[in-house]
Each structure stands twice: as structure tokens, then as C-alpha cells.
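Since the model is a prediction, treat every value here as computed from it, not as a measurement.
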Amino acid sequence: MPHKRVSLYLYLSGIAIMLLGLPTSRFLMSISQFILVGAWLSYGIERVLEEGEHPGIKWPLVLFGKLFSGLWRQKEALIFLSIIGIHIIGMLWTQDYAYGFRDLRIKLPMLLLPVVFSTMPALSKKQLNSLMGVYLFALFAASAEGIFILFTKDITDIREISPHISHVRLALNIVLGVFITIYLTLSRKSGLKNIYRLVALILGVWLFLFLLIMKSPTGLLIFAITAGIVFLMYVFGLQNRVLRTIIPVFLGLMVMVAGYSLYTMIHEYTSVESFRYEDLDTKTARGNTYTHDTIHFPGVENGSYIGLYICPEELEEAWAGRSGMDFHGRDHKDQELKVTLIRYLNSRGLRKDADGIAALSDADIRAIEGGVANHYYISKFSVRGRIYQMLFGMDLFRRTGNPNGNSMLQRREYWKAGWNIFMAHPVFGVGTGDLKKSFKQYYIETNSRLLPEYRHRAHNQYLSIAIALGVMGLLVFFAGFFYPPYKLKRHRVWYFTVILSIVVLSFIAEDTLETQAGSTFTAFFYSLFLWGTLSPKGEKPKTQSDENI
């Protein structure tokens with residue numbers, strides 16, 4: 001029947017548009033949900049028409065009765081929807097209704113998408129493969145745009161290569177994309193021809209390299225842990241006992257090698273040779289006096305003392321000959337430019353004098369003007385710079401107690417603030433809408449050292465839920481999120497295992513559900529891989545070959 005093709009067309013179109021929008025466009029994320037709801041309504045109309053009798057003026061009642069009777073049979077979906085339910089209940093004791101309704105609007109995908117996917121017909125393996133191809137195309141486009149920005153624009157922060165959604169959200173998409181290519185390339189169940197497997201392999205390598213270029217600690221760590229989880233699942237599923245023993249040992253050795261590499265980096269950064277002040281040079285090559293200042297410039301960076309071999313007068317004069325920016329002014333990151341310059345010279349292993357500035361390239365000068373204080377920070381293909389940034393921030397915090405500008409130390413402050421707010425309202429929380437208000441009030445009352453622009457929320461989804469809804473709300477959240485896959489036995493299926501691992505791990509370091517991109521990413525893929533390939537109850541069962549998609 002022609003009308004049966006309408007809902008299917010809308011359904012597949014809505015999913016494809018969502019997959020295109022997740023890494024590239026908030027607008028497409030929104031419009032796709034309208035299309036999916038339209039497909040859901042169209043499917044309900046088709047089912048009513050199949051009854052053979054026109055319901056007349058009772059059309060709306062019959063239609064929604066048909067739709068929600070299907071939902072009622074999906075007990076696991078109803079349990080998941082309790083997450084939204086507890087947020088709505090949390091509005092009863094909130095004070096900031098504007099923020100509360102904004103939060104509910106952001107989490108709306110967690111209401112709409114489970115309803116749609118749990119009641120629509122199951123996707124076939126061929127349809128799912130095609131849709132994953134659309135998603136990989138979108139990821140390639142987003143990553144290609146990021147590479148274009150990286151090499152054609154003068155950026156000072158790697159996060160600028162993700163112009164449409166946050167750097168971390170894009171990293172989560174890229175991680176998922178890599179695992180999709182692994183499945184399409186290696187799994188016999190994917191049913192792909194060899195040429196498409198080759199394309200998937202090439203895309204997987206490209207996306208993995210882009211993930212390294214992004215230098216997102218959260219993304220890289222989530223990738224590593226998820227890879228370990230799915231790898232161990234594969235290993236323990238092997239029948240060969242020898243392989244079940246050898247492979248984990250090999251994996252352990254790889255982890256040890258990675259740990260040793262990290263240790264070596266940290267050692268190279270922090271270790272310096274001992275010296276005596278009387279043995280240090282006192283004059284520059286031009287006859288001016290060096291200052292060895294470990295008071296205003298304490299600490300070690302890149303294996304050398306920042307405060308040694310500084311000649312302020314030569315620095316100021318030589319800098320004026322290389323740049324139009326004021327030596328005593330601020331760089332583009334609003335940092336003291338002379339401090340940025342001294343640290344940059346130190347990172348290059350140069351003395352802080354005229355000869356040191358003369359040894360800098362024009363690209364180095366532009367980097368310093370942009371606020372880059374260590375030449376490793378501008379490396380496009382190394383994670384060393386990111387690690388060095390964290391080490392410098394930790395050393396600065398140790399000496400001054402200042403967490404500003406270091407994402408890891410700022411998270412520590414967020415978690416500390418969040419825990420204290422939670423402990424003040426442990427049972428039912430502060431209410432759905434008072435999360436932001438509670439943090440703002442806490443920072444003021446405790447005279448937080450965080451600058452206003454760094455005073456954010458918990459950066460931990462579990463803690464955010466506990467603050468807003470208390471222990472009771474957190475328990476409902478855990479039940480709603482983890483019981484459905486356990487009941488449907490999807491926790492050992494590749495696609496769902498991967499997305500569950502990515503999302504659950506992201507909840508530790510991010511407020512994933514507090515943004516449109518994060519909430520939509522979570523709700524969409526959770527619902528697609530949990531319900532989208534399983535026939536709703538009452539529908540014709542799927543073939544066994546599709547069960548582990």
C-alpha cells in the first residue's frame with residue numbers, strides 16, 4: 001500500500017538527517033526530531049487505516065490510542081522515560097523555573113527518541129549499514145573541516161577546529177565513528193562487500209588520526225577504555241584457551257608501554273640538572289647583565305628552570321624589533337606578554353635575551369602574540385603539548401593554589417563545589433531548575449579562586465543529577481538508564497556496548513546531558529542501538545542474523 005511507504009520514508013529520512021547533524025549542525029538535530037515524530041504519527045495513521053473502518057470524529061483518540069498502546073507494551077522504554085519523569089517532578093521544589101524549563105527542553109530528545117524507536121518497525125541490517133554510512137560521511141566532513149581550519153587559520157586553541165559543537169562532543173562522535181568502522185570492517189555480520197570494508201577501514205584510520213589531532217584527553221581516554229572493554233569481550237568469547245590467555249597478556253604489555261611513555265614525558269618535563277648560582281653566566285653575549293629570577297618566575301618547564309638567564313632590557317628591545325605588541329602589555333589570551341615570551345623561549349631551550357628572540361621564527365612570534373607559552377602547545381600531531389599544559393597547571397596550582405586555565409584542576413574545583421552542594425541537599429536535591437543558581441551562590445559564598453569565566457557546573461553528569469534531584473533522583477536515573485539494556489540483553493551487542501561505554505564514561509568528566517549536542521547524541525544512539533534494530537512487541541519478529549547488530 002502506498003501509504004505504508006510514507007512513514008518508512010520519513011523515518012529513514014529523519015534518522016539520516018540526525019546522523020548528518022550530530023557532528024555538524026544543531027539545526028539539523030532539531031529538525032530531524034520533528035521529522036521522526038512526523039514519521040511516528042504517520043505510522044500510527046497507517047495502522048489505524050489497516051483496521052479497515054474509518055473512525056470518523058474519533059480519529060485523534062483512535063490514533064493516539066494505537067500509538068500509546070504500542071508504547072505501553074514497551075515496558076523497558078517506559079522505565080527509561082522515568083528519567084524525564086523525575087526531572088519533571090523535580091520542578092515542584094525548584095525556584096528558577098526559567099532554567100528548569102530550559103533544562104527540560106534540552107533533555108526533550110530523551111523523551112521523544114525512545115518513544116519513536118521503541119514503537120517503530122525494526123531497521124534491517126542493510127538499512128542500518130546505509131545509515132551508518134551517512135554518519136561516517138558526516139564525521140568525515142566535520143573532520144575535514146577541522147583539518148582545513150587547522151592548516152589555513154591562525155588558531156591558538158585546538159578546540160577551534162570544532163566550530164559547530166563543543167570540542168568534547170565532537171570527540172565523542174569521532175570515537176563512536178571509529179568503532180563503527182571497526183565493526184563494518186571486521187565483522188562478518190555486517191554483510192558488506194570487500195570494497196565497502198576497505199572504505200570503512202580507510203575512514204576509520206582517518207577518524208582515529210583526527211582524534212589524535214584533536215588532543216582531547218576525554219576523547220582519547222574514553223576511546224582507550226572502550227577499546228579495552230570490547231576487546232576483552234571478544235577475547236573472553238573465544239573458544240581457544242591459549243588465545244584467551246595470550247591476548248590479555250599482550251594487552252597488558254601495551255598498557256605498560258603506554259604508561260612508561262607517559263612516565264618518560266613527565267620525567268623529561270620535571271627533571272633538571274642541579275646547579276650552583278656562582279657557576280651561572282652573569283653576562284649576555286652582548287655584555288648585558290642576566291637576572292636569575294626564581295621568585296617571579298619559579299618552577300620548571302620542559303626540563304629547565306624558567307627563571308634562569310633573563311635579560312629584561314634585551315628582551316624588550318629585541319621584542320620591539322619583531323612585533324608591534326607591547327612587551328609590557330597582554331597577549332591575545334589576556335596573559336602578560338612578557339611572561340608568555342619568557343616561557344616560550346624557555347620551552348625552546350633558548351636564553352631569554354636578544355639572541356634568544358633572534359632565534360625565533362615568524363611563526364614563533366605569532367604563537368607568542370596569540371598566547372602560546374610553550375612550543376609543544378602548537379604541535380598539530382602530538383599529545384605531548386596537552387600533557388605539558390596539564391603539568392604546568394598542576395605545578396602552578398601547587399605553588400599558588402590557582403586552578404584557572406587548567407581543565408583538570410578546574411574540574412577538581414567543580415566536583416568539590418558539587419559535592420558540597422549535594423551534601424547540603426542529599427535526599428531530593430535543589431530541584432531541576434536550581435543547578436546553575438546553586439553553583440553560582442556557592443562560588444560567591446566560599447570566595448572561590450575560580451575566575452568568573454571559569455565558574456561552571458559539576459562537569460560530572462552523575463553529580464549533576466544528584467545535586468538537582470538528590471539520591472532518590474540518582475537511583476531513578478540509574479534504573480532508567482541501565483535496566484532496559486540488561487532486560488533486553490543488549491549489553492553484549494557490539495553497537496550498544498560501544499555507545500553505552502562512551503556515554504557512561506563521558507558522564508564522569510562531562511555534563512553530557514546538559515547540552516543539546518550531548519543530550520541528543522546520548523538519546524539518539526542509545527535508542528537506535530537498543531530499540532531501533534529490535535522489533536517492537538506485537539510486530540513480526542526479526543531474523544536471528546540481525547539480532548546482534
Asks: Return yes when atom CZ of Phe148 has more than 12 non-hydrogen atoms of other residues, nucleotides or ligands closer than 6.0 Å, and no otherwise.
Replies: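 No, CZ of Phe148 has 12 or fewer neighbouring heavy atoms, counting only those of other groups under 6.0 Å.
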Asks: Looking only at side chains, do Trp494 and Ser187 share a donor and an acceptor under 3.5 Å apart?
Replies: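 Looking only at side-chain atoms, Ser187 and Trp494 do not form any donor-acceptor pair under 3.5 Å.
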Asks: So which atom in Val230 and which in Ala227 form the shortest heavy-atom distance, rounded to 0.1 Å?
Replies: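 Closest heavy-atom pair between Val230 and Ala227: CG2-O, 3.4 Å.
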Asks: Please check if the distance between the ring centroids of Phe179 and Tyr183 is under 6.0 Å.
Replies: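 No, ring centres 6.0 Å or more apart.
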Asks: Report yes if some heavy atom in the side chain of Leu469 is under 4.5 Å from a heavy atom in the side chain of Leu474; otherwise report no.
Replies: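 Heavy-atom side-chain distance check fails, nothing below 4.5 Å.
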Asks: Going by atom types alone, do Ser506 and Thr512 pair a side-chain donor with an acceptor below 3.5 Å?
Replies: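 Result is yes, a qualifying pair exists.
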Asks: Over all heavy atoms of both residues, which pair between Ser82 and Gly480 is shortest? Give the atoms and the distance, please.
Replies: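 Where Ser82 meets Gly480 most closely, the heavy atoms are OG-CA, 4.0 Å.
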Asks: Less than 4.5 Å apart, side chain to side chain, heavy atoms only: is that true for Ile467 and His425?
Replies: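 A side-chain contact is absent here, since even the closest heavy-atom pair is not under 4.5 Å.
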Asks: Closer than 4.0 angstrom, basic N to acidic O: yes or no for Arg169 and Glu510?
Replies: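 The answer is yes: the pair qualifies as a salt bridge.
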Asks: Counting N and O atoms only, with roles assigned by atom type, does the side chain of Glu413 sit under 3.5 Å from a partner on the main chain of Leu409, one being a donor and the other an acceptor?
Replies: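 Not confirmed, Glu413 side chain does not pair with Leu409 backbone.
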Asks: Taking Thr497's backbone N and O only, do any of them form a donor-acceptor pair with Ser501's side chain (distance below 3.5 Å, no angle check)?
Replies: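 No, the answer is negative, given that no donor and acceptor are paired below the 3.5 Å cut-off.
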Asks: Checking Ser30 against Gln516: is there a side-chain donor and acceptor pair closer than 3.5 Å?
Replies: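 Note: Gln516 and Ser30 side chains meet the donor-acceptor criterion.
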Asks: Taking the six-membered ring of Tyr376 as reference, does the NZ or CZ atom of Arg384 fall below 6.0 Å from its centre and within a 45° cone about the axis?
Replies: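 Pair Arg384/Tyr376 counts as cation-pi.
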Asks: Please lay out, stage by stage, how Phe210 and Ile174 fare under the test side chain to side chain contact (heavy atoms under 4.5 Å, CB included).
Replies: CA-CA 8 Å; Phe210 183 70; Ile174 296 295; 4.0 Å; yes
Asks: Using a 3.5 Å distance criterion without hydrogens, assess whether the side chain of Thr226 forms a donor-acceptor pair with backbone atoms of Val498.
Replies: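 Side chain of Thr226 to backbone of Val498: no pair is present.
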Asks: Give a yes-or-no answer on whether the side chains of Thr515 and Arg26 include a donor-acceptor pair shorter than 3.5 Å.
Replies: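 Side-chain D/A pair, Thr515 to Arg26: absent.
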Asks: Going by side chain to side chain donor-acceptor pair (under 3.5 Å), Thr94 matches just one of Asp103, Thr432, Asp434. Which one?
Replies: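 That would be Asp434.
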Asks: Between atom OG of Ser130 and atom CG of Leu19, what is the distance when rounded to the nearest 0.5 Å?
Replies: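 If I round to the nearest 0.5 Å, the distance is 11.5 Å.
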Asks: Whether the side chain of Arg455 engages the backbone of Lys440 through a donor-acceptor N/O pair (distance < 3.5 Å, no angle test) should be reported.
Replies: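 A pair under 3.5 Å: no.
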Asks: Taking all non-hydrogen atoms of both residues, which atom of Val178 and which atom of Gly204 are closest, and how far apart?
Replies: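 Smallest interatomic distance, heavy atoms only, reads CG2-O, 4.2 Å.
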Asks: When you look at Val504 and Phe482, which way does the side chain to side chain contact (heavy atoms under 4.5 Å, CB included) test go after all the steps?
Replies: CA-CA 10 Å; Val504 167; Phe482 294 107; 3.6 Å; yes
Asks: Please report whether the ring centroid of Phe478 lies less than 6.0 Å from that of Tyr462.
Replies: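 Centroid distance Tyr462-Phe478: below 6.0 Å, so yes.
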Asks: Please determine whether side chain to side chain contact (heavy atoms under 4.5 Å, CB included) holds for the pair Lys125 and Asn129, giving the CA-CA distance in whole Å, both sets of side-chain angles, and the decisive distance to 0.1 Å.
Replies: CA-CA 6 Å; Lys125 181 187 298 183; Asn129 284 344; 3.9 Å; yes
Asks: Can you see which heavy atom on Met132 is nearest to which on Phe529, and at what distance?
Replies: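 Closest heavy-atom pair between Met132 and Phe529: SD-CZ, 4.1 Å.
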Asks: Quick one: does Ser32's side chain have a donor or acceptor within less than 3.5 Å of a partner on Met29's backbone?
Replies: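 Yes.
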Asks: Verify, without hydrogens or angle tests, whether Gln389 (side chain) and Tyr377 (backbone) share a donor-acceptor contact under 3.5 angstrom.
Replies: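 Here the side-chain-to-backbone pair does not exist.
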Asks: With rounding to the nearest 0.5 Å, note down the distance linking CZ in Arg105 to CG in Leu108.
Replies: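 Here the interatomic distance stands at 9.5 Å.
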Asks: Please give me the minimum heavy-atom distance between Leu170 and Ala142, naming the atom from each residue.
Replies: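 Between these two residues, the closest heavy atoms are CD1-CB, 4.2 Å.
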Asks: Yes or no on side chain to side chain contact (heavy atoms under 4.5 Å, CB included) for Leu528 and Leu131, after CA distance, side-chain angles and deciding distance?
Replies: CA-CA 11 Å; Leu528 174 65; Leu131 290 168; 5.6 Å; no
Asks: Atom CZ of residue position Arg159 - does it have more than 12 heavy atoms of other residues, nucleotides or ligands inside 6.0 Å?
Replies: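 12 or below, so no.
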Asks: Starting at OG of Ser143, measure out to CE of Met214 and round the result to the nearest 0.5 Å.
Replies: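 The OG atom of Ser143 sits 9.5 Å away from the CE atom of Met214.
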Asks: Could you grab the distance from atom CD of Glu160 to atom CD1 of Ile149, nearest 0.5 Å is fine?
Replies: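 Answer rounded to 0.5 Å: 8.5 Å.
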Asks: Working to the nearest 0.5 angstrom, can you tell me the gap between Ile88 CD1 and Leu104 CG?
Replies: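 Atom-to-atom, Ile88:CD1 and Leu104:CG are 6.0 Å apart.
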Asks: Looking at every non-hydrogen atom in both residues, tell me the closest pair between Pro484 and Ala479 and how far apart they are.
Replies: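 Taking Pro484 first and Ala479 second, the nearest heavy atoms are CD-O, 3.7 Å.
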Asks: Between Ile15 and Phe117, is any pair of side-chain heavy atoms under 4.5 Å apart?
Replies: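 A side-chain contact under 4.5 Å exists here.
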Asks: So do Leu203 and Phe137 actually touch side chain to side chain, heavy atoms under 4.5 Å?
Replies: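 When only atoms from C-beta onward are counted, Leu203 and Phe137 do not touch, as no gap falls below 4.5 Å.
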Asks: Could you check if a side-chain atom of Thr520 sits within less than 4.5 angstrom of a side-chain atom of Met18, using non-hydrogen atoms only?
Replies: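 A side-chain contact under 4.5 Å exists here.
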Asks: Is there a donor-acceptor pair closer than 3.5 Å between any side-chain N or O of Asn460 and the backbone N or O of Ala509?
Replies: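 No; zero donor-acceptor contacts below 3.5 Å.
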Asks: Quick check: do Phe481 and Leu500 have side-chain heavy atoms less than 4.5 Å from each other?
Replies: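 A side-chain contact exists here, since the closest heavy-atom pair is under 4.5 Å.
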Asks: Near Met390 CE, under 6.0 Å, is it more than 12 heavy atoms from other residues, nucleotides or ligands?
Replies: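 Atom CE in Met390 is packed in, count exceeds 12.
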Asks: Compare all side-chain heavy atoms of Tyr414 with those of Asp511 and state whether any distance is below 4.5 angstrom.
Replies: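 No - every pair of side-chain heavy atoms lies 4.5 Å or more apart.
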Asks: Give a yes-or-no answer on whether the side chains of His164 and Glu145 include a donor-acceptor pair shorter than 3.5 Å.
Replies: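 Side-chain D/A pair, His164 to Glu145: present.
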Asks: About how many Å separate CG of Leu36 and OG of Ser527, when rounded to the nearest 0.5 Å?
Replies: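 Output value for this atom pair is 10.5 Å.
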Asks: If you define the side chain from C-beta out and look only at heavy atoms, does anything of Phe439 sit under 4.5 Å from His456?
Replies: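 They are not in side-chain contact.
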Asks: Centroid-to-centroid, Phe525 to Tyr135, below 6.0 Å?
Replies: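 For Phe525 and Tyr135, the ring centres are under 6.0 Å apart.
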Asks: Centroid-to-centroid, Phe422 to Trp419, below 6.0 Å?
Replies: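 Yes, close enough.
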